[in-house]
Chemist: 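Structure below; questions to follow.
In what follows, chains are A, B, ... by sequence order, proteins preceding strands, each numbered from 1. Since this is a predicted model, take the numbers as computed values, not measurements.
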2 protein chains.
Amino acid sequence: MGVKDYGRGMRIGELAERAGTTTRTLRYYESRGLLQAGRAENGYRTYEESDLRLIQQIRTLQDFGFDLEETRPFVDCLRAGHPAGDACPASLAVYRRKLGELDALIGQLQSVRTEVGAQLARAELEASAELPGGPEPRCELNWEDDE
Amino acid sequence: MGVKDYGRGMRIGELAERAGTTTRTLRYYESRGLLQAGRAENGYRTYEESDLRLIQQIRTLQDFGFDLEETRPFVDCLRAGHPAGDACPASLAVYRRKLGELDALIGQLQSVRTEVGAQLARAELEASAELPGGPEPRCELNWEDDE
DNA sequence: CCTTGCCTTGACGTGGGCGTCAAGGATTAC
DNA sequence: GTAATCCTTGACGCCCACGTCAAGGCAAGG
């Protein structure tokens, strides 16, 4: 049989596949201290079902744009036995901080959007104002003494 | 005199200072083909006043979140003799593409913001619902057979 | 002459989240 | 027996816009 015993003592490849990620990613998480694996006699990492939830939590937050460090409280919370990663105050704090960052970022992007939009409009105006009958800019080298 | 002749044939340090950037950055721009410098007899790079405008254009766009490649049309436009970097169609195209990217990004961030906000609200509710008199989650290892 | 301060090229470091070999051991299928 | 597939650790690559250090050349002041 190719697969031994789902539900207990998965190996890294199985867990990665079930989580929709890669073994490299799981080892990376482990190197960051987010994931802890047991070891089989032969040195292979072993995982429990609960680890699948950890990974799903991490990836959900990653999809939201959280960086790995920010997922740590959620992971710790799950490992502490809470049914949800955001059941702990530290996780809520991360949520709130993230909301603030998002609001700030969105605001900045909106102002940039406005600014770029204005630049575009102005440039289009100037372009259309020069075409009709004005003297087309020669594009020569004679404007360096312009100022 | 420490400074030779402002206005003609600046050296890289002077240009960097006047542009509010570093010599490293200017050499980097040159390596990317965005900036071209003349050379003095001793091998030093020499710049004209017009180069200052190029750099200002680049940095303005960078501040908007344009990456270096996206500034190229503007730079080319300025070097072609146009008084503004966005006087060329290629620059306008970059503006428009950027607007689209900004709109998409802002939209994504807003939906993430909504989602995170909802998660926070839900988690806060559940937290407040458990405190009053409910059984505090034991945080033991007995929930792994939950599913 | 010597110091100071500018300039030159070259090359490695940064950060984040992995991808992608490389070299080898373990297990399984045939 | 052996090929295929898993696993292990280690280490370099990537992207981008530079920062930073190294080793040395050139110019000017005292």
Side-chain angles (χ1 to χ4, degrees), chain A residues 1-6 9-47 51 54-72 74-75 94 98 101 105, chain B residues 1-6 9-47 51 54-72 74-75 98 101:
Chain A
M1 8 178 131
V3 172
K4 271 198 154 176
D5 184 14
Y6 268 4
M10 281 180 279
R11 292 180 305 181
I12 196 170
E14 300 170 19
L15 181 57
E17 188 177 6
R18 292 178 66 190
T21 183
T22 68
T23 60
R24 177 70 181 89
T25 295
L26 298 188
R27 290 196 196 94
Y28 178 66
Y29 289 170
E30 183 174 344
S31 78
R32 302 283 91 191
L34 288 174
L35 204 54
Q36 283 155 5
R39 293 290 177 145
E41 299 174 359
N42 56 14
Y44 288 9
R45 289 174 178 82
T46 60
Y47 298 93
D51 291 317
L54 292 189
I55 299 169
Q56 288 167 342
Q57 174 75 75
I58 293 172
R59 299 211 64 78
T60 298
L61 294 174
Q62 289 266 84
D63 289 345
F64 282 166
F66 289 53
D67 54 47
L68 270 188
E69 264 324 297
E70 291 176 319
T71 72
R72 193 178 297 277
F74 296 81
V75 172
V94 173
K98 203 65 184 180
E101 290 175 14
L105 181 55
Chain B
M1 4 179 134
V3 172
K4 271 199 155 176
D5 185 15
Y6 268 1
M10 282 179 280
R11 292 180 304 179
I12 195 169
E14 300 170 17
L15 181 58
E17 189 178 5
R18 292 178 65 188
T21 183
T22 67
T23 60
R24 178 68 181 90
T25 295
L26 299 188
R27 290 196 196 95
Y28 178 65
Y29 290 171
E30 183 175 344
S31 78
R32 302 283 93 190
L34 288 174
L35 204 53
Q36 284 155 3
R39 293 290 177 146
E41 300 174 358
N42 55 14
Y44 288 10
R45 290 175 177 80
T46 60
Y47 299 93
D51 291 317
L54 292 189
I55 299 168
Q56 287 168 343
Q57 174 75 76
I58 294 172
R59 298 211 66 78
T60 298
L61 295 174
Q62 289 266 85
D63 289 345
F64 282 165
F66 289 54
D67 54 48
L68 269 189
E69 263 325 297
E70 291 176 319
T71 71
R72 192 178 298 277
F74 296 81
V75 172
K98 204 64 183 180
E101 290 175 13

Chemist: Using C1' atoms of five pairs at each end, report the bend of the helix from dC1(C)-dG30(D) to dC30(C)-dG1(D) rounded to 10 degrees.
Modeler: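 Roughly 40°, once rounded to the nearest ten degrees.
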
Chemist: Do nucleotides 2-17 of chain C as a string where each nucleotide becomes B, S or -: B if the base has a protein heavy atom under 4.0 Å, S if just the sugar-phosphate does, - if no protein is that close.
Modeler: ----BSBB-B-----B

Chemist: Return the set of residues passing side chain to side chain donor-acceptor pair (under 3.5 Å) with E69(B) (not counting sequence neighbours), or none when no residue passes.
Modeler: R72(B)

Chemist: Atom OG1 of T21(B) and atom OH of Y29(B): how far apart are they, to the nearest 0.5 Å?
Modeler: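 Answer for the OG1-OH pair, T21(B) versus Y29(B), is 5.5 Å.
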
Chemist: Applying side chain to side chain donor-acceptor pair (under 3.5 Å), name anything that partners R24(A), two or more places apart in sequence or on another chain.
Modeler: none

Chemist: Given atom CD of E41(A) and atom P of dT8(D), what is their separation to the nearest angstrom?
Modeler: 15 Å

Chemist: In this structure, how many angstroms lie between the C1' atom of dG19(C) and the CG atom of L26(A), rounded?
Modeler: 14 Å

Chemist: Can you sort out the partners of R27(A) under salt bridge (charged side-chain N to carboxylate O under 4.0 Å, His left out), two or more places apart, ordered by chain and number?
Modeler: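 If we apply the salt bridge (charged side-chain N to carboxylate O under 4.0 Å, His left out) test to R27(A), skipping adjacent residues, there are no hits.
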
Chemist: Between E70(B) (CD) and dC16(D) (C1'), how many Å, whole number?
Modeler: 13 Å

Chemist: Where is the tightest heavy-atom contact between T23(B) and A16(B), given as atom of each residue plus distance?
Modeler: N-CB, 3.7 Å

Chemist: Give me each pair satisfying salt bridge (charged side-chain N to carboxylate O under 4.0 Å, His left out) with a member in residues 58-67 of chain A, each pair once, sequence neighbours excluded.
Modeler: none

Chemist: Could you give the distance from CG (L34(A)) to CG (D51(A)), rounded to the nearest 0.5 Å?
Modeler: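 Separation between the atoms: 12.0 Å.
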
Chemist: Let me see the working for R39(A) and R45(A) under side chain to side chain contact (heavy atoms under 4.5 Å, CB included), right down to the final yes or no.
Modeler: CA-CA 5 Å; R39(A) 293 290 177 145; R45(A) 289 174 178 82; 3.4 Å; yes

